[in-house]
Amino acid sequence: MDFSFPKEYRLRKRREFRKVYEEGQKIYSQYFTIHVLKNQLGHPRLGITVTRKIGKSVVRNRWKRIIREAFRLNKHKLPPWDIVVTVKRGYKPPKLQEVEKDFVEAIAKLRIISTD
RNA sequence: CCAGCAGGUCGGGCGGUCGCCGGCGGUUUAUCCGUCGGAGGAAAGUCCGGGCCCCACAGGGCAGGGUGCUGGGUAACACCCAGGUCCCGUGAGGGACGGAAAGUGCCACAGAGAACAGACCGCCGGGCCUCUUGAGAUUGCCCGGUAAGGGUGAAACGGUGGGGUAAGAGCCCACCGCUUCCCCUGGUGACAGGGGAAGGCACGGUAAACCCCACCCGGGGCAAGGCCAAAUAGGGAGGCGUUCCCGCCUUUGGCGGGAUAAGGGUGGCCCGCCCGAUGCCUCCGGGUAGGCCGCUGGAGGCGCCGGGUAACCGGCGUCCCAGAUGAAUGACCGCCGCCCCGUAAAGAGCGGGGAACAGAACCCGGCUUACAGACCGGCUGGCUCC
RNA sequence: GGUCCCGUCGUCUAGCCCGGUUAGGACACCGGCCUCUCAAGUCGGCGGCAGGGGUUCAAAUCCCCUCGGGACCA
């Protein structure tokens with residue numbers, strides 16, 4: 001199974017993020033605010049937002065790495081959407097399994113809503 | 001062995017699986033494969049100093065800012081090294097550092113008096129009143145002397161002894177201290193040592209108050225700066241075209257319709273068909289999105305030798321050691337090492353748990369701040385043993 | 001990444017340049033008076049210099065470090 005994470009699977013420009021914010025759907029999970037928009041690429045793409053309010057650079061990097069790992073290990077199950085994950089304030093970075101669970105459940109919920 | 005003082009080093013190790021970023025090689029022209037490398041001592045705070053780049057600039061001055069014992073190191077510094085004086089410590093050591101005798105300002109409260117000082121209490125002399133026969137004594141008041149004592153304060157005009165006096169005081173003397181000046185010796189110098197003269201002592205603090213003196217500093221920052229460059233709008237140059245007919249309305253004008261021109265669309269091309277009086281085409285320069293360079297080989301690391309007390313410098317050899325840009329350096333597992341807890345008489349073993357501060361963004365030299373723990377020598381004081 | 005500014009009661013502020021009473025005021029809060037009660041009014045109280053170090057006899061004020069908040073630059 002392919003667990004790689006090349007650049008085509010990432011959101012890299014400010015206007016790509018803006019498009020998801022303005023045209024996509026939104027859901028709140030325990031740790032994140034997740035914006036989602038269907039794309040035409042046939043695979044999902046991930047964008048992560050961790051503001052300076054979350055913590056210093058060590059903490060911000062930790063969040064990004066864990067989120068990226070959660071996406072990477074589950075990307076074969078994900079629909080072809082652009083997904084932007086914004087970290088909420090007030091949490092310490094938890095274990096990978098917790099983030100994975102939180103992220104996958106939130107996406108599953110959105111999937112049900114969008115198929116209705 | 002116990003206290004302590006300065007200083008240096010490290011910041012878990014090995015292996016596997018899944019990923020990420022970059023270099024090189026191959027392969028295809030856009031994907032794979034191979035291989036190598038991939039956070040720190042502070043990468044942090046951005047507090048100083050430089051390199052680099054752009055702008056400005058003849059030279060000098062003013063304003064503004066910084067530094068401040070001496071000598072040295074350095075690209076430079078507010079850093080580092082060595083030294084000096086004073087203060088603290090039994091000591092190893094630690095801390096402070098131009099000028100208050102150029103001028104100005106300020107020194108609250110308390111206190112009698114606070115900056116060419118000052119009589120509240122006290123001490124001493126004199127006068128008046130009171131008591132007394134009187135000498136005289138005492139209380140009160142007044143005048144004067146006095147800085148030795150008390151008290152206030154952060155700070156009150158040198159100390160000890162003697163003389164002196166009504167009581168006192170550098171008022172005078174001796175010794176100690178202090179200030180200023182001169183000479184000699186040592187040192188590059190701060191300064192030190194020695195000798196002499198003058199002065200009874202006159203000059204309290206504050207310059208992280210204004211200021212004076214000496215020296216230094218142009219401004220901005222890689223989001224600097226440079227290159228390539230769509231689409232759209234606009235600018236410049238050149239070329240082609242800017243014609244005819246009909247109807248209506250109040251004007252050499254406007255509106256509507258038709259034909260054709262430059263040109264465009266369709267199409268491999270010609271004819272044809274369609275659009276078309278609106279302009280159209282080509283080139284140039286600026287420039288946005290976007291991309292590229294700057295971008296990591298450097299005041300570089302390590303070793304040896306030489307110079308220097310040292311900071312550091314020189315020579316030779318050797319190594320290449322992150323370069324991202326919504327921003328890589330991660331996740332999981334196993335074994336070993338370290339620490340803690342339980343079990344055991346200690347240990348072994350077994351089981352469970354823990355491991356700091358922190359993440360490069362143009363690059364260096366410093367400073368400051370954060371930091372679980374581990375290690376290395378050096379020195380001081382005390383106790384004990386040989 | 002870089003450049004710069006600001007932190008005073010619970011909130012908004014004065015004082016800071018040029019150091020010196022118990023750091024002043026408004027709103028809020030608490031208690032009393034007034035009122036049948038509440039509000040208003042009135043009297044009193046509670047409560048603060050972001051933290052640490054230094055200079056000074058003395059620091060909210062001057063100097064340094066740390067922490068927190070904010071603005072600007074593609």
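Here is the naming used below: chain letters follow the sequence lines, and residue numbers restart at 1 for every chain. Quick note: numbers below take in every heavy atom, side chains included, and nothing from hydrogens, waters or symmetry partners. Being a predicted model, the structure only gives us computed values, none of them experimental.
- The pairing partner recorded for B:rA147 is none, the criterion being a Watson-Crick or G-U wobble arrangement whose two distances lie under 3.5 angstrom.
- With a cut-off of 3.5 Å on both Watson-Crick or G-U wobble distances, the partner of B:rG11 is given as none.
- Contact check for A:Glu100 versus A:Asn74: side-chain heavy atoms found under the 4.5 Å cut-off.
- Nearest heavy-atom pair, A:Pro94 versus A:Trp63, reported as atom, atom and distance to 0.1 Å: CD-CH2, 3.5 Å.
- Classified by its glycosidic torsion, B:rA167 falls in the anti category, the angle being over 90° from 0.
- Residue contacts for A:Ile48: at a heavy-atom cut-off of 4.0 Å it reaches a base atom on one of the strands shown.
- Looking at the side chain of A:Phe3, the nearest of the listed nucleotides B:rC18, B:rU329, B:rG22 is B:rC18.
- Tested against A:Leu46 for a side chain to side chain contact (heavy atoms under 4.5 Å, CB included), the candidates A:Leu78, A:Val85, A:Leu11 yield a single pass: A:Val85.
- No hydrogens or angles considered: a donor-acceptor pair under 3.5 Å links the side chains of A:Thr49 and A:Tyr21.
- Distance noted for atom C1' between C:rC46 and C:rA71: 37 Å (whole Å).
- With B:rC20, B:rG330, B:rG326 as the candidates, the nucleotide lying closest to the side chain of A:Glu69 is B:rG330.
- When each of A:Tyr21 and A:Phe5 is assigned the nucleotide of RNA chain B with its nearest heavy atom, A:Phe5 is the one assigned upstream, toward the 5' end.
- Phosphate proximity of B:rA361 to A:Ser57: absent, as no side-chain N or O sits under 4.0 Å from OP1 or OP2.
- Pairing partner, B:rG91: none, since no Watson-Crick or wobble contact has both distances short of 3.5 Å.
- Residue A:Lys75 is classed as having no contact, given no heavy-atom separation below 4.0 Å to the nucleic acid.
- With both pairing distances under 3.5 Å, B:rA82 is matched to B:rU70 as a Watson-Crick or G-U wobble pair.
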Checking A:Arg45 against A:Glu16 for the salt bridge (charged side-chain N to carboxylate O under 4.0 Å, His left out) test, could you report, in this order, the C-alpha distance in whole Å, the side-chain angles of both residues, the deciding distance, and whether it holds?
CA-CA 10 Å; A:Arg45 294 195 295 177; A:Glu16 294 172 347; 3.8 Å; yes
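- The glycosidic torsion of B:rC321 lies within 90° of 0, placing the base in the syn range.
- Annotated as syn: B:rA39, whose O4'-C1'-N torsion sits within 90° of 0.
- As rounded to whole Å, 10 Å separates atom C1' of B:rU329 from atom CG of A:Asn61.
- A:Arg68 has a side-chain polar atom (N or O) that falls below the 4.0 Å cut-off from OP1 or OP2 of B:rU329.
- Nucleotide B:rG347 forms a pair with no other nucleotide shown, judged by Watson-Crick or G-U wobble geometry with both contacts under 3.5 Å.
- Taking atom C1' in both C:rA58 and C:rU42, the straight-line distance is 40 Å, to the nearest Å.
- Straight-line distance from the NZ atom of A:Lys64 to the C1' atom of B:rC20: 14 Å, rounded to whole Å.
- Look at the P atom in both B:rA370 and B:rU46: the space between them is 16 Å, to the nearest Å.
- Distances from the side chain of A:Lys13 to the nucleotides B:rG326, B:rG19, B:rC20 place B:rG326 closest.
- A perpendicular orientation is assigned to the rings of A:Phe3 and A:His76, their planes being inclined by more than 60° (bins at 30° and 60°).
- Taking every side-chain heavy atom of A:Arg14 into account, B:rG326 is the closest of B:rC21, B:rG326, B:rC18.
- As a whole-Å value, the separation of A:Arg18 CZ from B:rG326 P is 16 Å.
- The nucleotide whose nearest atom lies closest to any side-chain atom of A:Arg62 is, among B:rA360, B:rG330, B:rG291, B:rG330.
- For A:Arg72, the listed nucleotide lying nearest its side chain is B:rG19; candidates were B:rA331, B:rG19, B:rA39.
- If you check B:rG235 for Watson-Crick or wobble pairing at under 3.5 angstrom, you find it paired to B:rC284.
- Considering only heavy atoms from C-beta on, A:Phe5 stays 4.5 Å or farther from A:Lys75 through its side chain.
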Worked verdict on A:Lys95 versus A:Glu98 for salt bridge (charged side-chain N to carboxylate O under 4.0 Å, His left out)
CA-CA 6 Å; A:Lys95 281 257 163 61; A:Glu98 271 188 71; over 6 Å; no
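- The residue A:Lys53 sits close only to the backbone: its heavy atoms come under 4.0 Å of sugar-phosphate atoms, none of a base.
- Taking atom C1' on both B:rG291 and B:rC316, the two are 47 Å apart, rounded to the nearest angstrom.
- Separating the CZ atom of A:Arg52 from the P atom of C:rG69 is a distance of 11 Å, rounded to the nearest angstrom.
- Only the P atoms considered, B:rA299 is 9 Å distant from B:rG365, to the nearest whole Å.
- The A:Arg12 side chain lies nearest to B:rU325 when the options are B:rU325, B:rA39, B:rC20.
- A:Arg65 has a side-chain polar atom (N or O) that falls below the 4.0 Å cut-off from OP1 or OP2 of B:rU329.
- Using atom P as the reference point in both C:rC27 and C:rU66, the two lie 41 Å apart (nearest Å).
- In this structure, the NZ atom of A:Lys7 is 11 Å from the P atom of B:rG291, given to the nearest Å.
- For the OP1/OP2 pair of B:rA358 and a distance below 4.0 Å, the side-chain nitrogens and oxygens of A:Lys56 include at least one atom meeting the criterion.
- When every heavy atom of A:Ser29 is checked against every heavy atom of A:Ala106, the shortest pair comes out as CB-CB, 4.1 Å.
- Because its glycosidic torsion is within 90° of 0, B:rG41 is reported here as syn.
- Rounded to a whole angstrom, the distance from the P atom of B:rC32 to that of B:rC14 is 31 Å.
- Nucleotide B:rA169 is shown with an anti base, its glycosidic torsion being more than 90° from 0.
- Residue A:Arg15 places its side chain closer to B:rG290 than to any other of B:rG290, B:rG22, B:rA39.
- For the pair A:Phe17 and B:rG326, the ring geometry qualifies as stacking, because the centroid separation is below 5.5 Å while the planes lie within an angle under 30°.
- Base-pair partner of B:rC332: B:rG16 (Watson-Crick or G-U wobble, both distances under 3.5 Å).
- Comparing the P positions of B:rC362 and B:rC295 gives a spacing of 11 Å, expressed to the nearest Å.
- B:rU133 is unpaired under the Watson-Crick or G-U wobble criterion, no partner having all donor-acceptor distances under 3.5 Å.
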